[in-house]
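Every chain is numbered from 1, with letters handed out A, B, ... down the list of sequences.
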Amino acid sequence: MTAKNYWLMKSEPDECGIDDFAHTPTQPIHWDGVRNYQARNFMRDMRIGDRVFLYHSSCKFIGIAGIVEVVKEAYPDPKQFNPESAYFDPKSTLEKPRWDAVDLIFVEKFPKVISLDRLKSIKALNENPLVKKGNRLSVIPFTSVEWEAVHATRNLS
DNA sequence: GCCAACGTTGGC
DNA sequence: GCCAACGTTGGC
């Protein structure tokens with residue numbers, strides 16, 4: 001029995017936000033379209049039952065909007081093989097896929113988005129890439145200390 | 001819409 | 001292996 005892992009994943013709520021998960025609470029969502037190697041490698045480390053903060057970026061209320069859970073571990077992202085898809089990758093083959101997806105399911109929507117300003121004020125996150133200037137990583141591992149520090153603020157106004 | 005920061009590509 | 005050019009991310 002290993003300890004549960006914690007993560008944060010970014011998305012634009014217009015594409016796939018916490019409400020998309022909340023609207024289908026019993027149906028997993030395929031998290032595909034990740035096209036960054038570091039993010040992909042982190043996705044490969046995800047295990048069933050891991051918890052994930054869902055972060056809304058490039059929108060009005062930037063920050064962590066809720067929690068989702070891993071229900072299916074990394075598998076080849078089908079969109080990389082589909083020439084019609086915006087996520088098509090001509091260098092991917094069925095034998096040697098480049099990109100992976102995971103499946104996630106709804107856990108919790110916070111009463112209010114935990115704003116980026118608040119996240120920056122949480123000392124436990126000082127070394128986390130999320131709050132570093134210019135950071136573009138869309139899948140970020142969290143320690144349990146970081147997770148708890150953020151989680152403890154979820155009901156603050 | 002702007003633009004700094006970043007990751008990737010490709011010529012050499 | 002270097003690095004300039006390019007495309008993208010993401011806060012503001």
Side-chain angles (χ1 to χ4, degrees), chain A residues 5-23 29-46 50-70 73-104 106-143 145-147 149-157:
Chain A
N5 295 311
Y6 299 103
W7 308 93
L8 176 143
M9 296 177 103
K10 296 179 185 173
S11 76
E12 300 187 13
D14 288 350
E15 300 218 353
C16 186
I18 195 68
D19 287 333
D20 295 285
F21 284 94
H23 287 153
I29 288 182
H30 306 307
W31 199 267
D32 51 27
V34 172
R35 294 295 179 267
N36 168 285
Y37 290 105
Q38 200 179 355
R40 181 205 65 185
N41 292 342
F42 284 134
M43 286 172 75
R44 289 180 173 173
D45 291 335
M46 291 181 166
D50 285 0
R51 294 291 169 114
V52 181
F53 281 136
L54 190 67
Y55 178 89
H56 287 178
S57 67
S58 301
C59 60
K60 186 166 183 187
F61 299 108
I62 295 167
I64 298 175
I67 298 173
V68 296
E69 181 179 323
V70 177
E73 297 176 6
Y75 59 95
D77 178 352
K79 289 185 177 171
Q80 70 194 309
F81 307 122
N82 177 7
E84 307 296 310
S85 169
Y87 297 111
F88 177 62
D89 185 341
K91 293 182 179 170
S92 281
T93 63
L94 287 170
E95 295 75 27
K96 278 195 165 184
R98 287 180 135 191
W99 307 113
D100 281 4
V102 296
D103 286 0
L104 305 170
F106 179 72
V107 173
E108 177 183 356
K109 176 181 176 177
F110 296 149
K112 224 182 118 198
V113 170
I114 303 174
S115 71
L116 181 56
D117 277 349
R118 171 159 285 157
L119 293 169
K120 285 175 176 171
S121 77
I122 297 174
K123 288 202 179 71
L125 289 188
N126 278 355
E127 296 305 313
N128 190 291
L130 180 67
V131 298
K132 302 259 172 155
K133 186 180 180 186
N135 167 62
R136 300 170 55 173
L137 189 57
S138 62
V139 180
I140 299 173
F142 265 54
T143 66
V145 170
E146 290 171 324
W147 179 275
V150 171
H151 198 248
T153 71
R154 71 195 184 284
N155 289 321
L156 299 181
S157 55

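Taken from NE2 in His56(A) to CZ in Phe61(A), the straight-line distance is 12.0 Å, to the nearest 0.5 Å. Here the straight-line distance linking atom CD1 of Ile140(A) with atom NZ of Lys10(A) works out to 5.0 Å at 0.5 Å rounding.
Taking atom CG on Leu116(A) and atom C1' on dT9(C), their separation rounds to 14 Å, with Å as the unit. Distance NZ (Lys120(A)) to P (dG11(C)): 8 Å, rounded to an integer number of Å. In this entry the distance linking CG of Leu137(A) with P of dT9(C) reads 13 Å, nearest Å. dG10(C) atom P lies 7 Å from atom CG of Asn135(A), rounded to whole Å. Nucleotide dT9(B) holds its P atom 8 Å from the CG atom of Asp89(A), rounded to whole Å. Counting to the nearest Å, the P atom of dG10(C) and the CD1 atom of Ile140(A) are 9 Å from each other. Rounded to whole angstrom, the span from the CH2 atom of Trp99(A) across to the P atom of dG7(B) amounts to 13 Å. As a whole-Å value, the separation of Arg40(A) CZ from dT8(B) P is 10 Å.
Of the candidates dA5(B), dG10(C), dC12(C), the closest approach to any side-chain atom of Lys133(A) belongs to dA5(B). Proximity note for Asn36(A) (side chain, C-beta onward) versus dT9(B), dT8(B), dA4(B): the nearest is dT8(B). Checked against dT8(B), dC12(C), dG10(C), the side chain of Ser58(A) finds its nearest nucleotide in dG10(C).
Lys91(A) comes within contact range of the sugar-phosphate backbone alone, with a heavy-atom separation under 4.0 Å but no base atom that close. Across all strands, Lys60(A) comes closer than 4.0 Å to no nucleic acid atom at all (heavy-atom distances).
Of all heavy-atom pairs spanning Asn82(A) and Phe88(A), the tightest one is O-CB, 3.1 Å.
Between the side chain of Asn5(A) and the main chain of Asp50(A), no donor-acceptor pair closer than 3.5 Å is present.
Between Tyr55(A) and dT9(C) there is no side-chain N or O to OP1 or OP2 distance below 4.0 Å. Note on Lys10(A): a side-chain N or O is less than 4.0 Å away from OP1 or OP2 of dG10(C).
With sequence neighbours excluded, the residues forming a side chain to side chain donor-acceptor pair (under 3.5 Å) with Tyr37(A) are Arg98(A), listed by chain and number.
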